Amino acid sequence: MAGPRPQEVLGRVLRIQGLSVRGARLTSRGLEVEVRPRQRKPRCGVCGRPAPGYDTKPGRLWRHLALGQTIFWLHYAPRRVHCREHGVRVERVPWAAHDSSFTHAFEELVAWQAQRLDKSSICRMLGINWRTVGTIIERLVEERLSPNRLEGLQVIGVDCYRAA
Ligand SMILES: [Zn+2]
């Protein structure tokens with residue numbers, strides 16, 4: 001049967017730019033997908049500039065979205081780089097923020113739910129704890145809200161309505 005290889009199929013299911021899939025295995029946690037950044041030269045996790053390799057950390061997991069009941073995890077042994085500005089740092093990976101154990105897509109899901117659900121519902125649905133929800137939201141807010149966002153603001157309107 002001709003068709004895309006299993007790695008390609010998995011890559012399409014993950015829908016994450018900039019990574020390639022090496023393999024996958026089912027564990028008690030879910031489907032652990034072995035990945036690596038497509039970019040050969042490692043980049044500093046803080047500033048994103050290419051930097052010479054320093055060493056390689058042990059393999060670790062990032063939590064991604066679930067397909068049905070199966071949680072997807074990304075597995076990769078990140079390299080450390082020696083950045084001229086930031087010293088020895090873990091490399092930037094295209095699927096997650098620096099220092100996060102969750103993929104960008106998972107964090108987006110948490111943020112979306114946080115605008116619509118109470119925190120304990122999110123915790124129950126995603127199987128994560130309160131602290132994690134808070135950390136993810138803080139990071140996204142910091143990333144998205146520019147300190148200049150209120151510049152040029154002249155009028156703030158407040159709608160008041162009474163419940164019938
Ligand atoms: Zn740097």
Side-chain angles (χ1 to χ4, degrees), residues 5-25 27 29-67 70-116 119 122-123 125-153:
R5 295 177 312 136
Q7 284 97 321
E8 283 172 44
V9 173
L10 258 175
R12 285 186 210 172
V13 171
L14 288 176
R15 300 178 67 113
I16 300 172
Q17 300 289 316
L19 63 70
S20 47
V21 173
R22 324 292 312 273
R25 61 193 190 120
T27 69
R29 267 188 290 257
L31 188 69
E32 295 181 14
V33 185
E34 192 68 38
V35 296
R36 70 151 195 243
R38 207 162 264 155
Q39 186 117 25
R40 283 297 161 104
K41 274 203 175 141
R43 287 166 176 274
C44 168
V46 179
C47 64
R49 275 192 289 260
Y54 182 78
D55 63 3
T56 301
K57 302 266 284 175
R60 49 169 287 204
L61 292 167
W62 285 263
R63 166 129 184 223
H64 188 49
L65 305 173
L67 188 63
T70 305
I71 295 175
F72 279 62
W73 301 82
L74 303 187
H75 184 268
Y76 175 62
R79 296 163 287 185
R80 287 200 298 175
V81 299
H82 195 269
C83 175
R84 254 187 301 163
E85 200 183 326
H86 300 103
V88 176
R89 296 291 181 142
V90 176
E91 71 173 309
R92 172 167 291 188
V93 291
W95 54 84
H98 190 56
D99 279 341
S100 176
S101 321
F102 303 94
T103 63
H104 291 302
F106 185 85
E107 294 196 335
E108 290 294 335
L109 175 65
V110 172
W112 187 86
Q113 290 191 350
Q115 291 172 54
R116 290 157 180 89
K119 228 174 177 183
I122 304 175
C123 296
M125 278 178 81
L126 300 177
I128 54 179
N129 62 38
W130 275 70
R131 276 252 306 271
T132 303
V133 174
T135 310
I136 288 174
I137 292 167
E138 274 166 35
R139 183 184 12 257
L140 287 180
V141 166
E142 201 173 304
E143 246 175 52
R144 305 271 161 82
L145 290 187
S146 140
N148 306 325
R149 69 191 182 282
L150 297 182
E151 253 172 40
L153 178 75

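The structure presented is a predicted model; accordingly, all values stated were derived computationally and were not measured. Order of appearance sets the numbers: ligands from 1, and atoms from 1 within every ligand.
- Within 6.0 Å of CZ in R116 there are more than 12 heavy atoms belonging to other residues, nucleotides or ligands.
- In this view, N129 and R131, T132 satisfy the side chain to side chain contact (heavy atoms under 4.5 Å, CB included) rule, not counting sequence neighbours.
- The CG atom of L140 sits 5.5 Å away from the CD atom of E107 when rounded to the nearest 0.5 Å.
- Of all protein atoms, those of element N, O or S that lie under 2.8 Å from the Zn ion (ligand 1) number 4.
- Residue pairs that meet the side-chain hydrogen bond (donor to acceptor under 3.5 Å, both in side chains) test with at least one member in residues 52-62, sequence neighbours left out, are D55-R80.
- The distance from the CG atom of D99 to the CZ atom of R139 is 7.5 Å, given to the nearest 0.5 Å.
- Judged as a salt bridge (Lys or Arg N to Asp or Glu O under 4.0 Å), and not counting sequence neighbours, E138 has no contacts.
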